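To find a chain, count down the sequence lines: A is the first, B the second, and so on, and within it residues start at 1. Only this structure's heavy atoms are used, side chains among them; waters, hydrogens and symmetry mates stay out. This structure is a prediction, so every number in the text was calculated from the model and none was measured.
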Amino acid sequence: MNQEEIKNESKKQTNFIRDIIDEDLKNGKHTKIHTRFPPEPNGYLHIGHAKSICLNFGLAIDYNGFCNLRFDDTNPTKEEQEYVDSIKEDIKWLGFDWQDREYYASDYFDQLYEYAIKLIKKGKAYVDSLTADQIRETRGTPTEAGKESPYRNRSVEENLELFDKMRNGEFKEGDYVLRAKIDMASPNLNMRDPVMYRILHKSHHRTGNKWCIYPMYDWAHGQSDSIERITHSLCTLEFENHRPLYDWFVQELEIYPPRQIEFARLNLSYTIMSKRKLLSLVEGKLVDGWDDPRMPTISGLRRRGYTPESIRNFSERVGMAKRENTIDVSLLEFSVREDLNLKAKRVMAVMNPLKVVITNYPDDQTEDLEAVNNPEDLSMGTRTLPFSKEIYIDRDDFREVPPPKFHRLSPGKEVRLRYAYIIRCDAIIKDNSGEVIELRCTYFADTKSGSGTSSKKAKGTIHWVSAKHVFQAEVRLYDRLFSVEDPEGEEGKDFTEFLNPNSLEILNNCKLEPSLKSALSGEKFQFERIGYFCVDTKYSKENSPVFNRIVTLRDSWAKIEQAGK
RNA sequence: UGUCCCGUGGUGUAACUGGUUAACACGUCUGACUCUGGAUCAGAAGAGUCUAGGUUCGAGUCCUAGCGGGACAGCCA
């Protein structure tokens with residue numbers, strides 16, 4: 001997928017950010033736009049980041065501008081190379097290309113240091129000797145002004161000297177910080193002399209031991225955007241209150257002013273989006289790593305079987321605005337189904353097998369039946385399906401006592417076997433405990449699919465697999481990770497209390513059609529009448545694929561049955 | 001009782017920038033079709049735009065006040 005294809009793929013919906021860009025282009029403020037995606041490499045990207053990635057890269061593509069990838073790596077205590085690698089992989093997989101514009105906030109540490117000196121010389125920054133606790137205590141509260149630090153009015157010379165010593169490693173962590181000198185009485189807490197640099201005797205994943213003072217995000221971010229000549233700095237709502245600070249820095253430094261525009265982050269029902277909480281699921285082994293197919297991470301969705309196209313379409317559909325929102329997961333699910341419906345090869349697979357013996361079918365006969373690979377796209381061709389006297393059907397497709405409107409198999413009733421014949425259930429065989437273990441049926445030879453030799457109709461069609469040609473495999477049925485819509489919403493309760501105990505069901509006795517033997521890692525299928533599945537990239541072995549359920553098919557019978565209860 | 005932001009069907013986003021009976025998508029519900037109870041097609045229900053005033057010939061769009069929700073008191077980002 002190249003960037004041009006992405007540009008053409010969807011009817012981009014208008015939104016307030018596009019309105020601003022259109023205006024800036026129209027009135028000549030800019031002739032080209034430049035955005036950036038600025039992740040912190042302290043965790044894996046999730047679907048919420050996907051929204052931001054699609055926004056920033058999508059805008060650049062649409063307006064023939066540029067989008068940088070910039071890692072905000074200002075805190076060496078949390079950041080790791082593993083995360084930068086995963087982030088790059090995920091963005092690429094989503095279909096976006098930052099070309100040679102891979103930047104790091106740490107690339108600007110020298111420049112930032114010079115900027116800091118400039119502010120000190122202007123009397124707009126000072127070295128403070130207060131402890132972290134003292135700084136907190138003197139910051140004030142939202143309703144009362146803070147107090148000025150007793151060290152606030154050190155001379156420029158003294159500040160320069162102390163700052164130099166900070167940089168040279170002459171002090172312990174916490175002894176000194178560099179603060180902007182703004183206004184301790186500002187109604188905006190961010191303007192109450194924010195910390196610009198702190199001492200951290202930590203090695204950085206890129207700069208090694210070169211620095212022992214590290215810039216705070218608020219001090220680094222705006223200037224990084226400025227250095228990169230970002231025209232539109234798009235970020236989430238929580239940075240709205242920080243904008244006056246970023247503008248202040250840029251103005252005092254007299255450097256290029258990017259325009260920051262805030263938008264509402266994505267929230268998804270039945271999902272958590274907090275990186276910290278996702279990390280705790282991983283570290284607590286509550287899930288199978290960052291790429292567990294139930295995780296809302298991009299790597300999890302990828303392993304689950306989601307396609308980049310479906311995620312891009314989803315990101316477009318959720319819209320862009322400033323109000324808080326919670327998108328229904330069903331929209332995400334709709335997006336994959338929509339994509340896979342057109343692309344996924346249909347196959348037959350039995351999840352919970354029930355043996356059926358067709359009593360009037362010749363013992364040793366095997367027929368090769370032709371099956372369409374995708375009725376939505378005939379160019380995907382056909383394949384051969386072996387049929388014989390003994391087959392498996394899904395237990396769900398048989399009821400000894402059929403409820404009303406049940407169109408499947410039950411004693412004395414008939415159903416069509418997909419691509420094969422209509423059969424009638426004559427007898428049931430049970431084991432000692434009374435469980436049905438086998439069905440005896442007769443088939444109607446003149447009802448073969450496509451033959452047109454019979455006018456016999458069956459109300460339902462079910463899938464099946466020939467017993468002696470079966471290919472046995474493990475199938476993992478994934479469901480939503482949480483059983484409540486808003487796992488973080490409940491006051492005083494930990495989100496892990498709402499983990500869905502049935503979010504993973506492993507089926508070891510699934511009977512699949514033989515063509516699946518050659519399924520490739522990551523390949524996606526529609527198991528007819530059941531759902532979309534993909535070959536797990538982690539647990540599959542040569543000739544022994546493990547299938548993940550991506551999403552079920554829409555199931556109107558389930559609704560009827562549900563309504564009847 | 002500070003500053004900033006937000007308030008349109010169940011959910012999300014629109015509304016030519018002040019101009020018909022507020023549109024689209026998901027979801028829901030009908031019906032048609034069907035060898036996937038899938039897909040598809042046709043249709044329906046569901047908001048009078050948080051409230052109250054005001055400006056205007058005309059307000060979801062502008063103004064004022066109120067109400068409701070959110071963000072901010074890390075040497076995190």
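The glycosidic torsion of rG48(B) lies within 90° of 0, which places this base in the syn conformation. Nucleotide rU56(B) is shown with an anti base, its glycosidic torsion being more than 90° from 0.
Residue-level contact check: His242(A) touches the bases, meaning some heavy atom is under 4.0 Å from a base atom. No contact: Asn188(A) has no heavy atom under 4.0 Å from any strand. Nucleic acid contact for Ser556(A): sugar-phosphate only, since backbone atoms but no base atoms lie under 4.0 Å from a heavy atom of the residue. Across all strands shown, Leu331(A) has heavy atoms under 4.0 Å from sugar-phosphate atoms exclusively, and none from any base. Heavy atoms of Leu200(A) sit nowhere under 4.0 angstrom from any nucleic acid atom. Among the heavy atoms of the strands lying under 4.0 Å from Ala132(A) is at least one base atom, whether or not backbone atoms are also near. Nucleic acid contact for Lys559(A): sugar-phosphate only, since backbone atoms but no base atoms lie under 4.0 Å from a heavy atom of the residue. Counting any heavy atom pair closer than 4.0 Å across all strands shown, Tyr214(A) reaches no nucleic acid atom. Leu130(A) comes within 4.0 angstrom of a base, heavy atoms only.
For rU13(B), the base has no donor-acceptor partner in the side chain of Arg317(A) [N/O atoms by modelled type, under 3.5 angstrom]. Remark: the Glu333(A) side chain and the rG27(B) base include no donor-acceptor N/O pair separated by less than 3.5 Å. The base of rU36(B) sits within donor-acceptor range of the side chain of Gln526(A), with an N or O pair under 3.5 Å.
Between Lys448(A) and Asp133(A), the one whose closest nucleotide on RNA chain B sits nearer the 5' end is Lys448(A). Projected onto RNA chain B by closest heavy-atom contact, Tyr532(A) and Ile327(A) fall at different nucleotides, the more 5' of which corresponds to Ile327(A).
A cation-pi geometry, defined here as NZ or CZ lying under 6.0 Å from the six-membered ring centre and within 45° of its normal, holds between Lys456(A) and Phe444(A). Stacking of Arg167(A) on the aromatic ring of Tyr113(A) is recorded, both the 6.0 Å distance cut-off and the 45° axial limit being met.
Separating the CZ atom of Phe334(A) from the P atom of rU28(B) is a distance of 12 Å, rounded to the nearest angstrom. Atoms CG (Leu245(A)) and P (rC4(B)) sit 16 Å apart, rounded to a whole Å. In this structure, CE of Met216(A) is placed 11 Å from P of rA73(B), rounded to the nearest angstrom. Rounded to an integer number of Å, the gap from Arg18(A) CZ to rA15(B) C1' is 17 Å. Arg323(A) has its CZ atom 17 Å from the C1' atom of rA71(B), to the nearest Å. Regarding Asn75(A), its CG atom lies at a distance of 10 Å from the C1' atom of rC75(B), rounded to whole Å.
A side chain to side chain donor-acceptor pair (under 3.5 Å) with Tyr532(A) is found for exactly one of Gln526(A), Glu333(A), Lys524(A), namely Gln526(A).
With a cut-off of 3.5 Å on both pairing distances, the Watson-Crick and G-U wobble pairs of RNA chain B assemble into stems of 3 or more at B:2-7 with B:67-72, B:10-13 with B:23-26, B:28-32 with B:40-44, B:50-54 with B:62-66.
Distance check on atom C1': rU13(B) versus rG27(B) gives 15 Å, rounded to whole Å. Going from the P atom of rC75(B) to that of rU28(B) covers 48 Å, rounded to whole Å. Comparing the P positions of rG66(B) and rA22(B) gives an interatomic distance of 31 Å, to the nearest angstrom.
Minimum atom distance to the side chain of His407(A) is reached by rG37(B), of the listed rG37(B), rC5(B), rA14(B).
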